[in-house]
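The figures here come from the full heavy-atom set of this structure, side chains too, leaving out hydrogens, waters and symmetry mates. Only a predicted model underlies this, so the values are computations on that prediction, with no experimental measurement involved. Along the sequence shown, residues are numbered consecutively beginning with 1.
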Amino acid sequence: MFHKVAPQQAQDDSGAVVRVIDREHVEWLKGPMSAIVEVDFGRDVGVFCSTLVCFVSSVEIKESSIPDKALIIDQIVAGLEAMGSKVELCE
């Protein structure tokens, strides 16, 4: 379960962090892994799932498994919701 730890950052009990980078991007961090996804902040937050890019220690992973990507997107959504946003998944 995510909880808000800063104005634009949430963290869960396992150590995963979701934070707003800028008006168009949200970052997910957990250990050496990270991911960035494009978003659209409006009345609701649109998360563009197909733009998810995963990294290990700053090196892009071109082929993340679909279950891994789905888990990361789920955690990004949970983090944004913990920050008080209503989230909509977009393609």
Under 3.5 Å, which donor-acceptor pairs do the side chains of residues 31-56 form with other protein atoms, sequence neighbours left out?
residue: Thr51; atom: OG1; partner: Glu38; partner atom: N; Å: 2.9
residue: Thr51; atom: OG1; partner: Phe48; partner atom: O; Å: 2.6

- [ ] State, to 0.1 Å, how close Ala78 and Phe2 come at their nearest heavy-atom pair, and which atoms those are.
- [x]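 Taking every non-hydrogen atom into account, CB-CD1, 3.6 Å.
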- [ ] Not counting sequence neighbours, list each pair that qualifies as a side-chain hydrogen bond (donor to acceptor under 3.5 Å, both in side chains) and has a residue in residues 4-14.
- [x] Asp12-Ser14, Ser14-Lys30
Just list the side-chain donor-acceptor pairs under 3.5 Å for residues 79-91, sequence neighbours left out, or say none.
none

Open item on the list: As an exercise, state the distance from CD of Glu27 to CG of Asp22, rounded to the nearest 0.5 Å.
Closed with: 10.5 Å
Open item on the list: Count I, L, V, M, F, W, Y as connected when their side-chain heavy atoms are under 4.5 Å apart, and connections chain through other members. Are Ile73 and Val18 then in the same cluster?
Closed with: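 Per the 4.5 Å side-chain linkage, Ile73 and Val18 are co-clustered.
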